[in-house]
Enquirer: 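One structure follows; several queries about it will come next.
For ligands, and for the atoms within them, numbers begin at 1 and follow the listed sequence.
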Amino acid sequence: MADDGMLLNFEIDDAPLVSQVKFKGGRWRDRVKANKSAKAASQGGPEPSAKPRAPYDPNRPAKRPRANEDGDDHRPAKAPRTNDIPWVPTHAMKTGLVSSSLFTSIPNVVTKFGEEESAEPAEPAKPSNAPLSEEAENFHTLGLSKRVAHHLATKLEMKAPTSIQKNTIPQLIRDDSDAFLQAETGSGKTLAYLLPIVHRIMELSMNEDGTPKKDAKVHRNSGLFAIILAPTRELCKQIAVVLEKVLRCAPWLVCTTVIGGESKHSEKARIRKGVNILVATPGRLTDHLDNTKVLDVGTVRWLVLDEGDRMMEMGFEDDIKTIVGKIRADKLATKNSEGLVLDGVLPKRRVTVLCSATMKMNVQKLGEISLEDAVHITASKSEMEKDAVENSGSMESAFTAPAQLKQSCIIVPAKLRLVTLIALLKATFARKGSVMKAIIFISCADSVDFHYEILKDTAFIESPPPPPPPPPTDEAPAKKPDIHTETTVAPAAYITSPANNKVVLHKLHGSLAQPVRSATLKAFSECKDPAVLITTDISSRGLDVPAVDLVIEYDPAFAVPDHVHRIGRTARAGRAGKAVLFLLPGSEEGYTTILPSSSTITPQLYESILQNGLASNVNLPASSETANAETESNKRETWTTRAEALQLHFEQRLLAPPPGSEDFEEAQSKGHKGKFSKTGGKSHKQPVKKDNPLLDAARQAFRSHIRAYATHVREERVYFDMMQLHLGHMAKAFGLREAPGGIGSGISRRTHKFTPATNGQKGAASASSGVKSSSGSRSKFDDDEFGQVDEDAARRMKAKMKMLSMNSASEFNLG
Ligand SMILES: Nc1ncnc2c1ncn2[C@@H]1O[C@H](COP(=O)(O)OP(=O)(O)OP(=O)(O)O)[C@@H](O)[C@H]1O
């Protein structure tokens, strides 16, 4: 039925509507009104007065409380109808463009706004993950050699340790116990375990007075002393980069990675050349332990499991068991192959270090697999925090977000999500330098792909490839474009501003090839212009890009600990940061009550975001003449009309002929770029024969999004209730005019309700969206205030979800 949409938009130039114009598509009610209005206009009569609808009032205060009195009916309410407010045609109607209104059938918001405004502004919280004061602590007094401490201070600009480093480094230098490191995101756990390991390996080359030994310097062939495991290749690479920086003060030591994504042959070759510290993903290391003879773990003294809970979630439990088993089974060598005595300087036993910012049941299980009599090391807590943890009696509550991180949530009805996201980004990047980098978390890879496509500059997509760069001159050698980022890095449209005229868009998810992932991450980290990364949870763990000022959770995380990791990509090492969470009105609003936060999570209503972000025109791409012309010509327009025009523009883009198709060429040659359906004159363009790839991407993204929604952890499904999800409204957030079919085992709309009979017509029931009723007319249930999920279908889907959730990353492309 989505093909109906091909005729949904009308461009009528300046000609008045004539009575024979037959409006198609859009909402049933809007079509009827448009037809009536056109008829009345052609007859010179007054505007239709029957059933006048109150227009959405743009002057309504942004933070007007719209509490749901009874608190339990979250079904979208109908827009208020009053007889004393005249019906005003919407912006789209006035211009002949028909789209279902964004501001009708908005569900009630439960949150009460405005109360917090009267409260005294709270003092800004002191950073909880920052380095300690230099006067009080330094790395040398913790037991690290002067050489290492000096290197940290002068080359890495780290003069004082963070709290977790202060508590971990002396412990791992002096004691040979296993350890469980738990500290909030961005608190420096990586260096907390790396520094004592490097220090002790360096000690093998030092005399007792701290001077380097002349002849017995440890080198790459002296043995493998430490293995660090991390769940993803990106994280392994990041750890290796930090380690390499530290090892610059001991260049005779060598580290390397075995993470897959390159030939095993070259990994084997590197291992054969000799390595002292290995950073690996569990799967790849297991493979090498089985097949690479030169990989000798006899000298290994440390096994570090970074992001332990994530490794368990990703199904690495068996690999970790194998790795731990194989290392323990290999007899611990007291001397290396060259006769160098290791005991005494290195730990006398094999030490396992487990790291996590959050504590889940699976971390405890991992602890049972890998740790023996481990010490639990945390960052020092303030007395207040200690009390909170003791009173709760739960380790789960011991983790929290960095205190200086400002968290807020935006309550956004489903159909306004996309325009609200644009408005938020537009406002965010409006002032030059205020925000340099933002990360947007989305639930699944298909949705990341779609949002990247829709947000990138269309001129970039539709324009012919740029001419080849001029031949290099002696002065400035031409920079080769990176082929790996061709499809993952692009200029952004819509969110640029005169002050900040270049925002660079990036996308990252687990379905991309490894070289593409690495190159994209590098491009985002090193981008000098303001940059946005649209990504899945693949970027939620460990990713350390210091300049990230803002994290947007456009789709809430599947579990609270994931949320903590996501927002932890900002406010790192004492820096400031903001996190914004998108929630739907209704049960989702309750989700904030279970989120750990040292301060209140400030609620905001979408209206204020739209008002702020759409206070001026959105810079639509060049191909959108229609929308641009309208926004410019309409002097009285407000943020609501801008939001509608923007939504309409997206819907048009999805329905436009695909670039390269005959229809597209025709439209281009006629100068109708971006215009694809014309009525009101003689020309009436036929529906396009081939779907725009963007439309396919939107449908696929929508389906994956709905499926992903069903995978929220059981305990949190009370907030993320499939039954309350309005598919029709959600489809609009993907620029779709109706929910496409084909979701899992099939979600269909509730079909057993009947409308009251009007005009002698029998109330209609439809089997699904867009299906004609037995009376031949479109069912009222096509209209978007109905759209609850059929219970049986949802149950079936849930059952399927349960089954699929075991393999969710591949099935739903979540990773
Ligand atoms: N002592 C220090 N002084 C200044 N900056 C530091 C110090 N220690 C670490 N950092 C910086 O803090 C940032 C976060 O460190 P790291 O990635 O190790 O955090 P983490 O605790 O592992 O976080 P996550 O749990 O999110 O993985 C890095 O950019 C790192 O360079």
Side-chain angles (χ1 to χ4, degrees), residues 127-134 136-142 144 148-149 151-169 180-198 228-232 234-246 279 304-311 353-360 363 377-379 398-402 404-405 437 439 441 521 525 537-549 551 561-577 579 596:
S128 55
N129 55 6
L132 305 168
S133 89
E134 285 170 41
E137 301 293 343
N138 69 62
F139 284 108
H140 182 53
T141 54
L142 298 182
L144 294 177
V148 174
H151 177 70
L152 288 170
T154 54
K155 299 289 188 288
L156 305 184
E157 290 175 22
M158 293 180 191
K159 296 200 164 65
T162 62
S163 180
I164 187 71
Q165 290 164 357
K166 181 191 159 198
N167 295 348
T168 307
I169 293 170
F180 173 41
L181 258 66
Q182 192 191 11
E184 63 192 35
T185 53
S187 58
K189 292 187 287 296
T190 315
L191 281 177
Y193 66 75
L194 283 181
L195 291 175
I197 292 175
V198 170
I228 296 152
L229 292 181
T232 61
E234 281 78 9
L235 209 42
C236 286
K237 285 200 163 178
Q238 192 177 283
I239 294 167
V241 167
V242 175
L243 184 53
E244 273 163 14
K245 282 186 191 162
V246 173
V279 186
V304 181
L305 309 171
D306 204 346
E307 301 291 348
D309 59 338
R310 185 67 176 152
M311 285 200 275
V353 181
L354 174 57
C355 298
S356 183
T358 57
M359 180 82 162
K360 277 189 184 176
V363 174
I377 310 173
T378 59
F399 69 84
T400 182
Q404 76 277 20
L405 172 54
K437 288 193 166 74
I439 300 183
F441 282 103
L521 199 52
S525 305
D537 272 335
I538 195 162
S539 309
S540 68
R541 302 296 177 119
L543 186 78
D544 183 50
V545 180
V548 172
D549 310 286
V551 167
D562 298 332
H563 158 81
V564 175
H565 285 284
R566 281 173 166 197
I567 61 174
R569 296 317 99 208
T570 184
R572 298 177 71 73
R575 292 179 196 93

Enquirer: Who's touching ligand 1 if we go heavy atoms under 4.0 Å?
Expert: P131, F139, M158, A160, P161, T162, Q165, E184, T185, G186, S187, G188, K189, T190, L191, E307, A357, G542, D544, R569, R572, A573

Enquirer: Please round to the nearest 0.5 Å and tell me the distance separating atom CG of N167 and atom CD of Q165.
Expert: 10.5 Å

Enquirer: So, does T168 use its side chain to make a donor-acceptor pair with the main chain of I164 at under 3.5 Å?
Expert: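 Flag set: sc T168 to bb I164 pair under 3.5 Å.
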
Enquirer: Please name all residues satisfying side-chain hydrogen bond (donor to acceptor under 3.5 Å, both in side chains) with T185, sequence neighbours left out, ordered by chain then number.
Expert: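 T185 satisfies side-chain hydrogen bond (donor to acceptor under 3.5 Å, both in side chains) with no other residue.
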
Enquirer: To the nearest 0.5 Å, what is the distance between CZ on R569 and CG on L543?
Expert: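 Interatomic distance, R569 CZ to L543 CG, rounded to 0.5 Å: 6.5 Å.
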
Enquirer: To the nearest 0.5 Å, how far apart are OG in S539 and CZ in R566?
Expert: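 With rounding to 0.5 Å, OG (S539) is 10.0 Å from CZ (R566).
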
Enquirer: For the NE2 atom of H151 and the NZ atom of K245, what is their distance to the nearest 0.5 Å?
Expert: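 If we round to the nearest 0.5 Å, H151:NE2 and K245:NZ are 9.5 Å apart.
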
